[in-house]
Structures are given as C-alpha cells and as structure tokens.
2 protein chains.
Amino acid sequence: VLDLAGISKDYRMGESLMRVLNSVDLRVERGEYLAIIGPSGSGKSTLMNLVGCLDRPTEGSYHLNGKDVGELGDDALADIRNREIGFIFQSFNLLARQDALHNVAQPLVYRGLRHGKRQKRAIETLTSVGLADRLHHRPNQLSGGQRQRVAIARALVGEPALILADEPTGNLDSKSSEEIMRLFDDLNARGHTMVIVTHENEVAEHTRRIVRLRDGRIESDTPTARA
Amino acid sequence: VLDLAGISKDYRMGESLMRVLNSVDLRVERGEYLAIIGPSGSGKSTLMNLVGCLDRPTEGSYHLNGKDVGELGDDALADIRNREIGFIFQSFNLLARQDALHNVAQPLVYRGLRHGKRQKRAIETLTSVGLADRLHHRPNQLSGGQRQRVAIARALVGEPALILADEPTGNLDSKSSEEIMRLFDDLNARGHTMVIVTHENEVAEHTRRIVRLRDGRIESDTPTARA
Ligand SMILES: Nc1ncnc2c1ncn2[C@@H]1O[C@H](COP(=O)(O)OP(=O)(O)OP(=O)(O)O)[C@@H](O)[C@H]1O
Ligand SMILES: Nc1ncnc2c1ncn2[C@@H]1O[C@H](COP(=O)(O)OP(=O)(O)OP(=O)(O)O)[C@@H](O)[C@H]1O
Ligand SMILES: [Mg+2]
Ligand SMILES: [Mg+2]
C-alpha cells in the first residue's frame with residue numbers, strides 16, 4: 001500500500017543544501033503495524049510528512065495504493081489526505097479557536113457526513129480517548145496530554161485505512177499511553193495500516209516491525225517479537 | 001525557597017467554575033531535586049505556572065525566597081521570572097521568527113550582558129544540548145526534539161537559581177534524554193533547585209523527591225531511592 005523508492009529530501013539553508021533524507025526505500029503492505037524509531041533529528045517526521053502527502057520529496061518515487069503520488073496535483077493530494085489518511089502530528093496542529101468537539105468533527109465534513117452524524121461520531125471518538133468531559137474546551141483550555149488526545153481522536157474519527165502517528169504518546173502518562181495503544185492495536189486488528197513514530201520502547205513493542213532511522217537513512221528494518 | 005500554602009486554582013468554563021488545583025501545600029528548600037508526576041490533566045502544568053510566577057492562584061499564598069508573590073505587581077513578577085527562574089514549557093514557546101541562537105541569547109538581555117558575551121554563552125549552552133550545528137535554524141526548520149532542546153537551553157543559559165521543567169524529555173530519544181538528565185544532575189550538584197514535571201520513570205529516578213498529583217490534589221510526597 002506504501003511504496004517509497006529512492007526517496008531523498010533536501011532543505012535549503014542559506015547558501016547550502018541539507019540532505020535530511022537520503023535514498024530511503026520502504027514498502028508497507030496493507031494491514032501492517034510498523035514503528036519508526038531513531039535519534040532526534042534523524043528524519044522521522046520528514047519521512048512521515050512525505051508518506052502523509054503533506055510534502056513532496058526532492059528525489060525518488062512514492063506510490064500510495066498503486067497511484068504515483070508525484071504525478072498528482074495539489075487538489076488530488078489534498079483529496080487523498082482527507083479521505084485515506086489519518087495523521088497525528090508531533091505538534092498536534094489543532095484549530096486554536098474551536099473546541100475539542102469541533103476539531104474532531106472537522107475531518108468528517110470531507111466524508112460527506114451530515115451534522116448530527118458528525119457530532120455523534122466525534123463524541124464517540126473523544127470518549128474513547130477519555131475526553132468525554134472536555135468536549136467544549138478549546139486547546140488553550142486543555143492540558144498538553146489532552147491536546148495530544150484531541151489530535152489522536154481527530155485522526156481516528158473517520159476510520160481512515162492508513163493511520164500515521166508522529167510520537168502520539170509523548171505527553172501522556174503511562175495509563176493514558178496504554179489506553180491509546182489498545183485503541184491502535186484494535187484498529188490494526190480490524191485491518192487498518194498503522195505507522196507510528198515513537199521514542200518509547202513500550203509503544204514500539206506493540207508493533208510487528210521496527211524501521212530504524214539514523215542521519216536520514218534506514219539503518220535497519222526488522223520484525224519484532226510480536227511478528 | 002518555595003512555600004505554597006492552601007493553593008487553589010479555578011477556571012471559568014461558561015456558567016460554571018472548574019477547580020483544577022485544590023488546597024495544595026508544597027515546601028521546597030534551596031537545592032532540592034524534585035519530580036512532579038500524575039495523570040494527564042491532574043494539574044501539573046497549572047501548578048508549575050503558579051510556581052513560575054506566570055499565573056496567580058485563586059486562593060492561598062505563595063512565598064518565593066521569602067517574598068509574598070501575591071503582594072507583587074506585574075512588573076515585579078516579570079522581574080523575578082527573568083532573573084531568578086528558568087522555565088522549560090511543555091509546548092516550548094519559542095520565538096517563531098528568530099533562530100535558535102537568538103532564542104537562547106534572549107534571557108541574557110535581562111541580565112545586562114553585552115552582545116558578545118550573550119552570543120558566547122548562548123553558543124556554549126546550545127552546544128551542551130547537542131545543537132552546535134543548528135544555531136541559525138528557526139523553530140520551523142528544527143525537529144520536535146531539537147525545538148525542545150532549544151527551550152531547555154534558553155531556560156539554562158542564565159544559570160538561574162530555580163529551574164522549572166515541564167516534561168523536558170517528551171520529544172527526545174533515550175540518548176538525548178540521558179544527556180539532558182546529566183545536565184540537570186550537574187546543575188543540581190552545583191546548588192540549583194530543580195523541579196521537573198515528567199511522565200517518565202527514568203527521569204523521576206534522577207530526583208530525590210517525588211510529588212504525585214491526582215485531580216488537582218497532592219496524593220503523596222515521598223523521597224526517592226536517591227534521597
Ligand atoms: N525546513 C527545514 N529547513 C532546514 N532543516 C530542516 C527543516 N525541517 C527539518 N530540518 C532538519 O531536518 C532534520 C530532520 O528533521 P525531522 O523533524 O524529520 O527529525 P525527527 O527525526 O522527527 O526528530 P525528532 O525525534 O526530534 O522529532 C533535523 O536535523 C532538522 O534540523
Ligand atoms: N484555561 C483553562 N480553562 C479551563 N480548564 C483548563 C484551563 N487550563 C487547563 N484546564 C484544565 O485543567 C486541568 C489541568 O490542566 P494541566 O495543564 O495543569 O494538566 P497536566 O497535569 O499538566 O496534564 P498533562 O500531563 O496532560 O500535561 C485539565 O483537566 C485541563 O482541562
Ligand atoms: Mg519528529
Ligand atoms: Mg502539562
């Protein structure tokens with residue numbers, strides 16, 4: 001379902017060019033459960049943004065469900081993002097002036113659900129991450145871990161086939177973390193493809209395959225004990 | 001050095017009042033090394049903001065170095081914040097349009113250091129958190145863990161007597177995390193008072209006392225094995 005070949009990404013810094021991803025090859029089949037690990041600055045979020053169609057590579061090709069993403073215009077790319085992918089950002093990216101309920105109901109607009117159905121789905125998903133009593137809080141009226149859980153709920157509410165989570169438990173205590181991992185396990189058991197960037201071993205241990213990045217390259221790609 | 005007595009904090013939500021801290025008593029002596037732990041939403045960041053003079057309690061008193069903080073006007077409070085306290089925010093709060101070097105040199109302006117000295121100190125501190133080669137990157141040109149380390153460097157650069165860290169390693173891999181904890185251990189060994197909110201046991205194990213919050217109250221306050 002994901003086929004990245006020879007993917008490189010450069011950023012311009014003043015006069016020079018910084019290569020932050022270098023010749024990355026990665027194939028992920030439907031229904032896989034993957035962790036991406038590696039040091040701070042090794043390129044994990046950059047890779048996730050490419051996989052999530054939020055950015056384009058400098059070199060290489062990316063096929064998503066057989067479609068060559070490089071051939072698609074911005075509108076077609078936005079369409080894929082909204083329908084097929086749920087993205088949990090490392091820095092959450094919530095709408096600051098809307099409450100938790102509105103933030104989580106938002107993706108369902110693209111799916112053509114009417115208002116009552118959107119509200120119901122959003123409330124269910126917020127309840128599943130423990131925020132039933134925070135529906136009407138705006139992001140600046142929420143704790144760090146609560147904002148993180150709103151970001152998680154927003155990515156899951158439309159039950160997208162591909163879920164990309166960039167450090168989804170960084171601001172959570174171990175109990176909230178375990179609840180989120182149980183949600184993810186359950187989604188994967190029901191056929192969703194899960195790719196999770198994490199710094200935490202406890203999270204990586206839930207997956208079946210670990211891809212390790214270092215300095216923009218894949219250093220290793222191995223099954224876990226659960227495979 | 002920190003004396004909180006009967007501290008409560010309420011927020012208004014529409015018609016009702018939410019009590020998020022409830023009668024908190026906390027005394028911290030000079031040179032202590034404390035962790036504050038507890039579930040997401042239990043009031044840790046709210047408590048840190050009160051201790052850091054970024055917010056005022058609804059009830060109770062707070063004496064910092066013998067001064068009654070409740071008696072001080074906003075200017076005096078800002079003065080204390082800038083000179084005596086280094087604060088690492090859970091969401092970093094960096095200046096978006098300035099590079100890492102400028103962000104870290106900023107607090108030294110309040111200490112009356114001239115430009116050359118500020119640059120030198122800022123470069124040293126950024127080097128100590130592993131960012132010597134990222135001085136001229138702005139926050140949106142940095143990874144999540146790199147932004148976190150800029151926030152850490154900014155809090156440490158003026159070597160303030162009191163360091164308050166709200167989840168300082170949430171976005172860091174274990175190696176970067178250990179480097180930061182060694183920095184903190186070293187600062188405490190040199191007499192700085194350290195208060196660290198954390199969800200990670202590995203971090204709490206470096207401290208000598210653990211205060212546990214639950215639903216806005218202190219549930220327990222106990223020495224660690226290192227005490
Ligand atoms: N817009 C940009 N311009 C220049 N360099 C950038 C830009 N964005 C990211 N970088 C650099 O690219 C590298 C990889 O960043 P990335 O965010 O992918 O790292 P990461 O593996 O997610 O790190 P972390 O674990 O800290 O989140 C970093 O060294 C960063 O400084
Ligand atoms: N401005 C506000 N208005 C209303 N409620 C608020 C406001 N700010 C915070 N809260 C609520 O206060 C509670 C405590 O928030 P706080 O940020 O202190 O939690 P925390 O312990 O730091 O959590 P985390 O571990 O998730 O960072 C939360 O339940 C939050 O929803
Ligand atoms: Mg990242
Ligand atoms: Mg917090």
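In what follows, every chain begins at residue 1, and chains take the letters A, B, ... in the order their sequences are listed. Computed over heavy atoms, backbone and side chain alike; hydrogens, waters and symmetry mates excluded.
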- Query: Just wondering, more than 12 heavy atoms not from A:Arg208 lying within 6.0 Å of its CZ?
  - Reply: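 Yes - once you tally the heavy atoms of other residues, nucleotides and ligands closer than 6.0 Å, there are more than 12.
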- Message: Take a 6.0 Å sphere around CZ of B:Arg19 and say whether it holds more than 12 heavy atoms from other residues, nucleotides or ligands.
- Response: yes
- Query: Applying a criterion of heavy atom separation less than 4.5 Å, what residues of residues 85-102 of chain B form contacts with chain A?
  - Reply: B:Gln90, B:Ser91
- Note on the structure: Ranked by heavy-atom pairs below 4.5 Å to chain A, first place among B:Asn201, B:Asp166, B:Thr198, B:Leu172 goes to B:Leu172
Residues of [range] near chain B, each having a heavy atom less than 4.5 Å away:
range                       : answer
residues 132-152 of chain A : A:Arg134, A:His136, A:His137, A:Gln141, A:Ser143, A:Gly144, A:Gly145, A:Gln146, A:Arg147, A:Arg149
residues 213-227 of chain A : none
residues 121-129 of chain A : none

- Is chain A contacted by the side chain of B:Ser176, its backbone, both, or neither, given a heavy-atom distance below 4.5 Å? side chain
- Do B:Asp173 side-chain atoms and A:Gly38 backbone N/O form a donor-acceptor pair below 3.5 Å? no
- For the pair A:His199 (side chain) and B:Asn171 (backbone), establish whether a donor and an acceptor sit closer than 3.5 Å, ignoring hydrogens and angles. yes
